[in-house]
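Note that the structure is predicted; figures quoted are calculated from it, not measured.
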Amino acid sequence: LVVTLANSWTVAPAVRKTTPYNPLTDFTPISLGIEPLGLIVAHPSFPATNLTELIAYAKKNPGKLAWATSGIGSSWHMNGEMAKIGGGFDVLHAPYQGFGPMIPALLGGQIPVMMITWSVVHPMITGGKMKVLGMTNSDPKFKAIAPPGTQSFADVVPGYQAIPDWVGLAGPAALPSPIVQRVHAAYTKALHQPDVEERMAIDKTLIVASTPEELMARVKAEYARAQDAVKRASIPLQE
């Protein structure tokens with residue numbers, strides 16, 4: 001069995017020249033698991049307070065604004081590129097090697113804006129060291145767990161649909177149906193234990209357990225969306 005990030009199934013195959021697997025044929029989907037709240041946060045000194053103001057600032061200051069993500073070919077990179085194309089604004093993409101180095105760069109003023117999950121930075125948000133400009137999630141259900149009044153790119157960019165950063169469970173290709181059903185039942189039961197639900201609520205992460213068919217449908221749709229993002233943003237394929 002494999003617990004996998006969406007990035008491995010929906011973005012990596014779209015942005016790389018080759019991968020040693022095909023996300024649509026080499027696995028048996030079992031269930032979605034969790035999906036975190038993704039944020040656009042800024043240094044407190046940054047003049048914008050929401051995404052509408054961020055886009056206006058970017059349009060008034062072409063070539064002067066940069067935002068950080070966890071790397072080229074990440075779902076964060078894809079979401080940022082699609083927001084820029086749909087919104088008609090430009091922001092320099094500053095790719096870092098994961099979330100770790102992004103945080104001190106923003107706190108130290110080297111980068112003004114970044115995209116990251118709530119669970120990683122909420123102590124710095126509640127402590128006033130960062131401020132929330134918006135969220136990357138386009139599904140309306142995330143409005144209920146985001147800070148009040150948080151804009152989504154979907155609110156301000158026509159046609160924007162996120163490539164979410166979910167976690168899912170799968171097995172090898174052609175896994176027999178009785179095994180799929182048994183593992184699915186155990187996995188979804190574990191996800192809905194009270195202590196797990198409590199921790200996910202603290203982390204502003206939704207439990208999105210699904211049927212195997214729903215997981216495969218999301219993989220297909222979001223893989224196609226990532227391929228479109230790579231094409232429209234002219235992102236060079238990675239080795």
Side-chain angles (χ1 to χ4, degrees), residues 4-15 23 29 32-42 48 50-52 54-55 58 67-91 93-95 98-99 102 113-122 125 132-147 149-168 200 203-210 214-233 235:
T4 181
L5 294 172
N7 218 51
S8 301
W9 276 4
T10 63
V11 178
V15 81
L32 286 164
I34 59 174
E35 188 174 329
L37 175 65
L39 297 178
I40 304 94
V41 300
N50 56 40
L51 294 183
T52 298
L54 170 68
I55 293 172
W67 58 31
T69 76
S70 56
I72 295 173
S74 64
S75 58
W76 307 94
H77 180 200
M78 298 294 107
N79 287 330
E81 293 301 315
M82 296 309 290
K84 291 191 293 184
I85 291 170
F89 64 98
D90 189 35
V91 175
H93 176 224
F99 289 155
M102 291 164 50
V113 179
M114 68 181 181
M115 287 185 260
I116 198 165
T117 57
W118 164 272
S119 61
V120 176
V121 294
H122 72 87
I125 293 170
V132 176
L133 301 183
M135 63 181 180
T136 57
N137 310 80
S138 55
D139 192 319
K141 64 177 177 280
F142 283 89
K143 291 278 189 179
I145 64 171
T150 301
Q151 290 181 322
S152 166
F153 274 138
D155 297 325
V156 295
V157 174
Y160 172 84
Q161 283 187 292
I163 300 174
D165 196 28
W166 46 258
V167 175
M200 292 302 103
D203 287 345
K204 293 190 181 295
T205 296
L206 294 182
I207 295 172
V208 287
S210 72
E214 289 169 336
L215 173 53
M216 178 55 76
R218 284 197 64 166
V219 171
K220 288 180 178 179
E222 290 165 15
Y223 180 30
R225 201 177 302 160
Q227 289 175 308
D228 182 56
V230 168
K231 182 179 179 180
R232 292 179 64 189
I235 298 170

Sub-4.5 Å side-chain heavy-atom contact between Val230 and Val15: yes
For Pro147 and Leu37, which heavy atoms make the closest approach, and how far apart are they? CD-CD2, 4.3 Å
Can you measure from CE (Met216) to CG (Leu32) and round to the nearest 0.5 angstrom? 11.5 Å
What closest approach, in Å, do Thr10 and Trp166 show between heavy atoms, and which atom pair accounts for it? CG2-CZ2, 4.1 Å
Apply side-chain contact (heavy atoms from CB on, under 4.5 Å) to Asn79 and Gln161, showing your working. CA-CA 8 Å; Asn79 287 330; Gln161 283 187 292; over 6 Å; no
Can any side-chain N or O of Gln151 pair as donor or acceptor with the backbone N or O of Met135 at less than 3.5 Å? no
Run the numbers on Leu54 and Trp67 for side-chain contact (heavy atoms from CB on, under 4.5 Å), then give the verdict. CA-CA 11 Å; Leu54 170 68; Trp67 58 31; 4.0 Å; yes
Between Trp9 and Glu222, does any side-chain donor sit less than 3.5 Å from a side-chain acceptor? no
Ignoring hydrogens, what is the shortest heavy-atom contact between Ala83 and Phe89? Give both atom names and the distance. O-CE2, 3.2 Å
When rounded to the nearest 0.5 Å, the distance separating CZ of Arg232 from NZ of Lys84 is 13.0 Å
Give a yes or no on whether the backbone of Asp203 and the side-chain of Thr205 come within a donor-acceptor separation of less than 3.5 Å. yes
side-chain contact (heavy atoms from CB on, under 4.5 Å) for Leu133 and Asn50? Distances and angles first, verdict last. CA-CA 4 Å; Leu133 301 183; Asn50 56 40; 5.7 Å; no
Say you draw a straight line from OG1 of Thr150 to CG of Leu39; how long is it, rounded to the nearest 0.5 Å? 7.0 Å
Can you confirm whether Leu206 sits close enough to Met200 that some side-chain heavy atom of one is under 4.5 Å from a side-chain heavy atom of the other? no
Heavy atoms, side chains only, cut-off 4.5 Å: are Val132 and Ile125 in contact? yes
Are the side chains of Trp118 and Val120 in touch, meaning some heavy atoms are under 4.5 Å apart? no
Side chains of Pro13 and Tyr223: closer than 4.5 Å at any heavy-atom pair? yes
Is any NZ, NE, NH1 or NH2 atom of the basic residue among Glu35 and Arg218 found under 4.0 Å from an Asp or Glu carboxylate oxygen of the other? yes
Working note: Ser138 + Tyr160, criterion side-chain contact (heavy atoms from CB on, under 4.5 Å); need CA distance, chi angles, decisive distance, verdict. CA-CA 7 Å; Ser138 55; Tyr160 172 84; 4.1 Å; yes
So how far is it from Thr117 OG1 to His122 NE2, rounded to the nearest 0.5 Å? 9.5 Å
When you compare the side chain of Met82 with that of Val157, does any pair of heavy atoms fall below 4.5 Å? no
Shortest non-hydrogen contact from Val113 to Ala42? CG2-CB, 4.1 Å
Between Met78 and Ile235, is any pair of side-chain heavy atoms under 4.5 Å apart? yes
Working to the nearest 0.5 angstrom, can you tell me the gap between Ser119 OG and Ile34 CD1? 8.5 Å
Minimum heavy-atom separation for Leu215 to Ser210, with atom names? N-OG, 3.8 Å
One should read off an interatomic distance between His77 NE2 and Ile163 CD1, to the nearest 0.5 angstrom, of 10.5 Å
Close aromatic pair by centroid cut-off 6.0 Å: Phe99 and Trp76: yes
I'd like to check Thr4 versus Val167 (side-chain heavy atoms, cut-off strictly below 4.5 Å). Are they in contact? no
So, for Asn137 and Ser152, which heavy atoms are closest and what is the spacing to 0.1 Å? O-OG, 2.7 Å
Taking atom NZ of Lys141 as the centre, report whether more than 12 heavy atoms of other residues, nucleotides or ligands fall under 6.0 Å from it. yes
